[in-house]
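What follows is a single structure, and I will ask about it in a moment.
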Amino acid sequence: MQLRLTASLFTLFLFLLPVCSQAQHAAYAKVSVELQDCLMRSPDSTFRVQLLLRDRIDPQQLEAGYRAQQLSVEERSRRMLQSLQEKAASTQGAVLQKLQGIPGIVPGSFSSYWVTNLIYCDANAAAIARLSEMEEIDYIERDWGMDFPDAVESAPAGLLNESREPGLDVIGAPFMWEKGYTGYGQKVLVVDTGHDTEHPAVAHNFAYNYYPMEQSWANPGQPYYCGSHGTHVGGTIVGLDRVRRDTIGVAFGALWQGSGAQFADCDASNASSEDFTAIFQWAMDPDGNPATIEDRPDVINNSWSRNYPIQEDCGAPIHRL
């Protein structure tokens, strides 16, 4: 009864704040508009939430300093990863200890990330009200789901020899190829619906041909694909049928690393923001060695969206990892 009353009061608190200008409270700005709406519609529910800590690294500021010092790419990478990991290690322990003592947070539901100083947990409305009062927490958002595009249904293209897609000519790709820019030596991580690793256009330049699987596929386990969109996009970026020399990718000399729509496999529940926080953290250091950079993607292509886009998305601090 007391918990339900507290949840209802928090819902009323959130409802009245925009109306009464004198009641503006510092904690109100910490809770995303979408999460506020969820709390009003389902005050008795438990939500998985993202807690962005206030004390965190500004990667852009660090990078500007590294460039001013004319540090090598390897040294900049090592220092950046070290700073991010040290910040998380030095701040998250005390916060987690506080969280464990808050009623309404599900025990054992915590997961922490250093790619930005971020903690996930399951909490009810009363607990979220307590969390919004913590000075250590800068922003609270729900662990929202993701949507992925479906490939357009069409008949397979015919096999061609010594050919290329007309769009490549439109963007001037052949001119760059003649200058030697084919993507060779680069890697791209394609975050999509998964990939058909045996497709003739992309099989030869899957990073797994040269690196261990754990450095080539961002999700746990083996590659899979839940739809053809990921393979299509991968082909657009790096595809090349070497037998027929049918060129469909703008950077056919590059390697690709992959990830799937669901974090575990196609039978798992739809992916969420936490899954992709994990993927982006993986991309920062696939081999677990901050001193190396050859394992990391040079480019990340994202073909997904939040499953209910809202106006505040672009400015939300969690989205600016």
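These numbers come from a predicted model, not from an experiment.
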- Linking I/L/V/M/F/W/Y whenever any side-chain heavy atoms sit under 4.5 Å apart, do Val299 and Val238 land together?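 Shared cluster, yes.
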I need the full list of ring pair (Phe, Tyr, Trp, His ring centres under 6.0 Å) pairs touching residues 169-190, with sequence neighbours left out, sorted by first then second residue.
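Listed once each, the pairs are Trp177-Phe252.
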Requested in this report: Decide if the gap between the ring center of Tyr120 and the ring center of Tyr113 is smaller than 6.0 angstrom.
Outcome: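 Yes, close enough.
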Does a side-chain heavy-atom distance below 4.5 Å link Pro297 with Gln257?
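SC-SC contact between Pro297 and Gln257 confirmed.
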Note to self: Counting C-beta onward and ignoring hydrogens, is there a side-chain heavy-atom pair between Gln92 and Leu53 closer than 4.5 Å?
What the structure shows: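 Yes, their side chains come closer than 4.5 Å.
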Exercise for review: State, with a plain yes or no, whether a side-chain heavy atom of Arg54 is found less than 4.5 Å away from one of Glu135.
Suggested key: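 A side-chain contact under 4.5 Å is absent here.
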**Request:** For Tyr66, enumerate each residue passing the ring-ring contact (aromatic ring centres under 6.0 Å, His included) test, keeping only those at least two apart in sequence or located in another chain.
**Result:**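 Counting only residues at least two positions away or on another chain, Tyr66 forms no ring-ring contact (aromatic ring centres under 6.0 Å, His included).
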- Any side-chain heavy-atom pair from Thr277 and Leu118 closer than 4.5 angstrom?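 Yes, at least one pair of side-chain atoms sits under 4.5 Å.
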Shortest non-hydrogen contact from Ala218 toward Ile279: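 The pair with the smallest heavy-atom distance is CB-CG2, 4.1 Å.
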Is it true that Asp295 and Lys187 make a salt bridge, defined as a side-chain N closer than 4.0 Å to a carboxylate O?
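Salt bridge absent between Asp295 and Lys187.
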Excluding sequence neighbours, so at least two apart, what forms salt bridge (charged side-chain N to carboxylate O under 4.0 Å, His left out) with Asp298?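 Here no residue qualifies.
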Point to revise | Pair Arg164 + Asp169: basic N to acidic O under 4.0 Å | key: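 Yes.
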Worksheet entry | Flag side-chain contact, heavy atom, 4.5 Å: Thr116 against Leu52 |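 A side-chain contact exists here, since the closest heavy-atom pair is under 4.5 Å.
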_Tell me if the aromatic rings of Trp217 and Tyr208 count as close, with their centers under 6.0 Å from one another._
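No: the rings miss the under 6.0 Å criterion.
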### Task
I would like to know whether Asp122 and Thr46 meet side chain to side chain donor-acceptor pair (under 3.5 Å); could you show each step before the answer?
CA-CA 6 Å; Asp122 299 334; Thr46 295; over 6 Å; no
Salt bridge check, Asp55 against Lys87: does any charged N sit closer than 4.0 Å to a carboxylate O?
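Yes, charged N to carboxylate O under 4.0 Å.
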- Task: Consider only side-chain heavy atoms of I, L, V, M, F, W and Y, link residues closer than 4.5 Å, and tell whether Leu81 and Ile293 are in one cluster.
- Result: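 No, separate clusters.
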>> As a test of understanding, state which of Ile137, Ile119, Val31 forms a side chain to side chain contact (heavy atoms under 4.5 Å, CB included) with Leu131.
In response: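 Of the listed residues Ile137, Ile119, Val31, the side chain to side chain contact (heavy atoms under 4.5 Å, CB included) partner of Leu131 is Ile137.
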inquiry  = Between Glu63 and Arg67, does any NZ, NE, NH1 or NH2 come within less than 4.0 Å of an OD or OE carboxylate oxygen?
reply    =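 Here Arg67 pairs with Glu63 in a salt bridge, since their nearest N and O are under 4.0 Å apart.
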Note: Arg130-Glu133 ion pair, threshold 4.0 Å (strictly below):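 Looking at Arg130 and Glu133, the cut-off is not met.
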